[in-house]
There are 2 protein chains.
Amino acid sequence: MTAHQKERLEEFVKVCKEKGLKITPQRLAVYEILLRRKDHPTVEEIYEEVKEIYPFVSLATVYRTVETLEELGFIKRVAYWGSSVRYDANIQEHDHLVCVMCGAILDLKADAGCRVPEEVNGFKVLSRSLYIYGVCPSCQKKD
Amino acid sequence: MTAHQKERLEEFVKVCKEKGLKITPQRLAVYEILLRRKDHPTVEEIYEEVKEIYPFVSLATVYRTVETLEELGFIKRVAYWGSSVRYDANIQEHDHLVCVMCGAILDLKADAGCRVPEEVNGFKVLSRSLYIYGVCPSCQKKD
DNA sequence: GTGTATGCAAACAGTTTGCACAGAC
DNA sequence: GTCTGTGCAAACTGTTTGCATACAC
């Protein structure tokens with residue numbers, strides 16, 4: 001676990017205490033898994049991983065935990081076009097670069113791809129989700 | 001119905017004939033509704049509208065029809081973070097402006113929100129999907 | 001000890017599927 | 001007449017909820 005991850009986990013514990021939420025092993029496990037994973041797991045996938053440590057954990061608990069984490073702003077729901085919701089502990093605004101050949105997904109620093117104005121068509125912009133689809137350097141060589 | 005919509009509908013009829021698919025009133029109705037609507041209705045919403053014309057239509061038929069339309073490339077599935085899938089008959093590349101309060105979705109001409117370079121991090125860019133989340137003018141007033 | 005979080009099972013919503021019949025060809 | 005498309009209901013999947021118990025405080 002990196003220093004940054006440890007820091008985030010401690011911040012989570014702090015916020016829970018402030019809000020009167022209990023620090024349960026399940027909550028810590030869910031957040032730790034999300035911090036460690038570089039992909040964007042579904043609730044089911046998180047559940048499977050928590051189960052390795054706490055075999056009696058319930059799927060409902062994982063759902064409730066990610067909801068709590070999202071409300072506290074520690075994780076973000078990822079807009080995906082699959083059927084189930086996915087979560088990401090990287091709460092910095094960032095874009096995604098997807099290789100259509102090999103499926104690799106790279107996180108992009110926000111504004112590396114493009115910049116969105118603060119207001120568009122009278123809408124007050126809160127966030128954005130940008131997926132750029134293309135061919136990565138190594139797949140370009142394969143052609 | 002605009003000339004463009006009529007043209008698209010005729011194209012659909014033509015492609016169906018080529019593929020040996022039957023031209024049923026339900027199919028025409030679903031595509032016509034999607035062509036006319038400027039938002040991105042859920043299957044349920046399309047179903048409600050078809051029912052006004054064909055009261056005995058089944059929800060399953062609407063699901064099957066949008067699947068067919070998508071396979072033929074006449075409509076696109078819209079990535080959304082609500083619980084149900086939405087469809088769009090505008091198959092040109094374009095961005096989306098989503099109101100997080102009321103769920104309204106506006107189409108944005110591609111590059112109205114932002115411009116993506118032809119190459120990012122060595123990736124050859126093919127297409128992109130941009131969703132801008134914010135609060136629409138009328139919801140801003142409601143606060 | 002108190003009260004929130006958990007585990008379980010049942011409920012729910014959106015979507016898909018199997019099957020007999022209807023209707024486009 | 002043939003064979004695909006439809007309508008109905010039942011099945012399925014992802015998610016939420018109610019309730020009794022467990023456990024963090």
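Order of the sequence lines sets the chain letters (A, B, ...), proteins ahead of strands, with each chain counted from 1.
Here chain A contacts DNA chain D (any atom closer than 4.0 Å to a heavy atom, that is under 4.0 Å), and the contacts span D:dG14 to D:dC25 from 5' to 3'.
A donor-acceptor distance shorter than 3.5 angstrom exists from the side chain of B:Asp88 to the backbone of B:Asn90, with no hydrogens or angles considered. Remark: the backbone N or O of B:Ile46 is not paired with any side-chain donor or acceptor of B:Glu49 at under 3.5 angstrom. Put simply, the side chain of B:Gln140 gets close to the backbone of B:Val135: a donor and an acceptor are under 3.5 Å apart. A:Arg77 places no side-chain N or O within 3.5 Å of a backbone atom of A:Glu70 that could act as its donor or acceptor partner. For the pair B:Arg86 (side chain) and B:Val78 (backbone), a donor-acceptor distance under 3.5 Å is absent.
Residue B:Leu28 is grouped with residue B:Ile53 when hydrophobic side chains (ILVMFWY) are merged at heavy-atom distances under 4.5 angstrom, including chains of intermediate members. Hydrophobic clustering (side-chain heavy atoms under 4.5 Å, transitive across Ile, Leu, Val, Met, Phe, Trp, Tyr) keeps B:Ile75 apart from B:Leu106. At a threshold of 4.5 Å between side-chain heavy atoms, the hydrophobic network of Ile, Leu, Val, Met, Phe, Trp and Tyr places B:Tyr54 and B:Val66 in one connected group.
Only B:Tyr63, B:Arg64, listed by number, bring a heavy atom of residues 61-73 of chain B to less than 4.0 angstrom from any atom of DNA chain C. Using a 4.0 Å cut-off on heavy atoms, the residues of residues 37-60 of chain B that approach DNA chain D are B:Phe56, B:Val57, B:Ser58, B:Ala60, listed by number.
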Before giving the answer on side-chain contact (heavy atoms from CB on, under 4.5 Å), spell out for A:Ile132 and A:Asp95 the whole-Å C-alpha distance, their side-chain angles and the decisive distance to 0.1 Å. CA-CA 8 Å; A:Ile132 301 177; A:Asp95 302 327; 5.5 Å; no
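Note that CE of B:Met1 is 4.5 Å distant from CD of B:Glu32, once rounded to the nearest 0.5 Å. Separating the CG atom in B:Asp107 from the NE2 atom in B:His94 is a distance of 3.5 Å, to the nearest 0.5 Å.
With respect to A:Lys14 and A:Glu10, no salt bridge is recorded, no charged nitrogen being found less than 4.0 Å from a carboxylate O.
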Which atoms of nucleotides 22-25 of chain C (N or O only) lie under 3.5 Å from a protein N or O atom, and what are those distances?
residue: C:dG23; atom: N2; partner: B:Lys22; partner atom: NZ; Å: 3.1
residue: C:dC25; atom: OP1; partner: B:Ile23; partner atom: N; Å: 3.1

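For residues 2-39 of chain B, the ring pair (Phe, Tyr, Trp, His ring centres under 6.0 Å) pairs, not counting sequence neighbours, are B:Phe12-B:Tyr31, B:Phe12-B:Phe74, B:Tyr31-B:Phe74.
Direction change of the helix axis from one end of the helix from C:dG1-D:dC25 to C:dC25-D:dG1 to the other is 30°, with five pairs defining each end axis (rounded to 10°).
Screening A:Val30, A:Thr42, A:Leu59 against A:Tyr47 for a side chain to side chain contact (heavy atoms under 4.5 Å, CB included) leaves a single residue, A:Leu59.
No more than 12 heavy atoms of other residues, nucleotides or ligands lie within 6.0 Å of CD in A:Gln92, so this atom counts as exposed by the packing criterion.
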